[in-house]
Every structure is written in C-alpha cells, then in structure tokens.
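What follows is a set of notes on a single structure, which appears directly below.
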Amino acid sequence: QLQLQESGPGLVKPSETLSLSCDVSGGSLSSPSHYWGWIRQPPGKGLEWIGNIYYSGSTYYNPSLKSRVTISVDTSRNRFSLKLSFVTAADTAVYYCARRYYSVPGWFDPWGQGTLVTVSS
Amino acid sequence: DIQMTQSPSSLSASVGDRVTITCRASQSISSYLNWYQQKPGKAPKVLIYGTSSLQSGVPSRFSGSGSGTDFTLTISSLQPEDFATYSCQQSYSTPYTFGQGTKLEIK
C-alpha cells in the first residue's frame, strides 16, 4: 500500500525559504502512471494546489506561486521535495504531498498526513 | 483560473438523511470533477473521481453526478462517520482548484 510522509521544519522565519520533503513507500516514484504533488491548506481555509512533478523532472506550478516555488524529485531516494522562498505569514498552512494519477481525470490519492508550517519570527 | 463554488458552506443533518452538496465551476470542466472528504486533523480522502466514479472502498451511499459546470455529491443515507468537510476539485486545467468546502454537521 502506497504511503507518503512529509517532513521538514514546522517553523520558518519571514523572508526565508520553506523546505519540505515527501518520502514515498510501498511504491515507486518512477511510475510513469503518476504525478507527485504538493497541496496546502491555511488554517480554517480551503485547499490550494501548489504544483506537480513527474518522475522525469517535468514540473507544473500554480501561477500564483510560480515565482517562489521549486519542486524536485530524487528517484534514488524515492522522495520529492518542495521549496517555497520569501515566505510570509500568508504561507502558514498544513502542507500535504499526494500522488496524482497521470490519466484524466487525475485525482489526488493517496495523501500524506500533512505537516503544519508556521511562518513567524 | 477556474473558480469552484460549493453550496451550502455548511449543512446540519441527521443520521439517515439524504444530503446533496453542489459544486459549480466558473467555466465548463467537462466531467473532470473530483470529490474529497476531510475529517478534522486528517488529510483529504478521495471519494469520487471523474464526476461519478466511486473510489475503491468508498461506500455505495456516496454518489456523484453532473457535467459541464454543475455537479452534485449525494449521500443517500447519512451515517455517523460521514460528518466531515467535503470539497470538490477540478482537474480540467491547471491551476487545479478546489471548492471552499462544505462542512456537514450533526443536527
């Protein structure tokens, strides 16, 4: 059974870079049938898609975050990562990693348990 | 960006009730609409993908319908474990967008 697990600092200072990793177990990140994505949810608010990556390294980002986001993949470690630069309090959220099916309609399943990142000095 | 609007934002219902949640897209998304259930402190879980396909393991009391811009999620007979927040998501085009969520509470 595929499982995803986020990890990274829970507190980041304003203007710094948020860095998270997602470890994939029970399956391969090199599957040609899936994308791997990041989604976030500010406290008490709705879900926001951040971006996806394919095992080849192809990326797709939300234009609202594109200038600050980098998603990368390490197939040797079965891990993909998120970097979000110049963070502000508005970036405080629970960050989820998830698998997205390559074929339409491309739903997200499964999801990691999520990790809360707070931006504060 | 395609805006996804759910109604209602919150809903009170009783065990055994039939409940319908609506999701409207700001433009046509064909049938590329997915529904998720989220319980407090937990990650979302997909219930229905492609408007009406039931994810494996999801009870048959959940169903979805619609096309174009208007979609519905129906729970035929509410069970205690169904009280949660439900969100729709369009996968027609990037950026993928979610509805704001519908919180289903016990009456």
Side-chain angles (χ1 to χ4, degrees), chain A residues 1-7 20 22 24 33-54 58-69 71 93-117, chain B residues 1-7 9-10 21 23 25 28-58 62 64 66-68 71 73 84-103:
Chain A
Q1 182 182 354
L2 189 82
Q3 292 186 314
L4 294 87
Q5 177 70 57
E6 305 90 348
S7 61
L20 295 174
C22 181
V24 178
S33 300
H34 303 101
Y35 289 99
W36 306 91
W38 289 96
I39 301 116
R40 69 180 183 179
Q41 185 171 37
K45 294 188 178 181
L47 296 156
E48 179 182 31
W49 174 72
I50 299 171
N52 288 347
I53 191 165
Y54 197 50
S58 298
T59 52
Y60 307 85
Y61 298 138
N62 192 322
S64 69
L65 298 168
K66 187 174 184 177
S67 63
R68 299 193 292 129
V69 170
I71 298 176
V94 176
Y95 286 77
Y96 296 100
C97 59
R99 181 182 67 176
R100 179 182 179 270
Y101 283 79
Y102 183 89
S103 58
V104 294
W107 63 100
F108 290 99
D109 177 71
W111 298 52
Q113 65 184 26
T115 187
L116 175 63
V117 179
Chain B
D1 298 6
I2 298 175
Q3 306 302 316
M4 306 300 294
T5 304
Q6 288 181 234
S7 60
S9 296
S10 63
I21 298 169
C23 179
S28 178
I29 57 171
S30 185
S31 62
Y32 298 160
L33 191 283
N34 309 308
W35 288 98
Y36 299 87
Q37 177 194 65
Q38 186 176 22
K39 296 183 178 179
K42 300 294 187 182
K45 182 182 83 165
V46 68
L47 297 174
I48 289 172
Y49 59 91
T51 298
S52 58
S53 296
L54 200 64
Q55 175 71 343
S56 176
V58 173
F62 292 93
S67 67
F71 301 87
L73 171 70
T85 296
Y86 294 85
S87 298
C88 60
Q89 176 241 331
Q90 66 83 14
S91 52
Y92 180 78
S93 66
T94 58
Y96 305 121
T97 46
F98 294 81
Q100 80 280 14
T102 295
K103 187 173 184 179

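Computed from a prediction, not measured in an experiment: that's the story for all the values here. Every chain is numbered from 1, with letters handed out A, B, ... down the list of sequences.
Using a 4.5 Å cut-off on side-chain heavy atoms (C-beta onward), A:Trp49 and B:Thr94 make contact. At least one side-chain heavy atom of B:Gln55 sits under 4.5 Å from a side-chain heavy atom of A:Asp109. Side-chain contact between A:Trp111 and B:Tyr36 is present, with at least one heavy-atom pair separated by less than 4.5 Å.
By number of non-hydrogen pairs under 4.5 angstrom with chain A, the leading residue of B:Pro95, B:Pro44, B:Ser91 is B:Pro44.
Counted within 6.0 Å of OH on B:Tyr92, heavy atoms from surrounding residues, nucleotides or ligands total 12 or fewer; the atom is thus considered open. The number of heavy atoms from other shown groups lying within 6.0 Å of NZ (B:Lys42) does not exceed 12.
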Next on the checklist: Between B:Phe98 and A:Ile39, does the side-chain contact (heavy atoms from CB on, under 4.5 Å) criterion hold? Intermediate values first, please.
Outcome noted: CA-CA 10 Å; B:Phe98 294 81; A:Ile39 301 116; 4.2 Å; yes
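Proximity to chain B (any heavy atom under 4.5 Å) is restricted, for A:Tyr96, to the side chain, taken from C-beta onward. If you measure heavy-atom distances from B:Gln90 to chain A, you find no contacts under 4.5 Å at all.
Distance check: B:Tyr49 OH to A:Tyr101 OH gives 8.0 Å after rounding to the nearest 0.5 Å.
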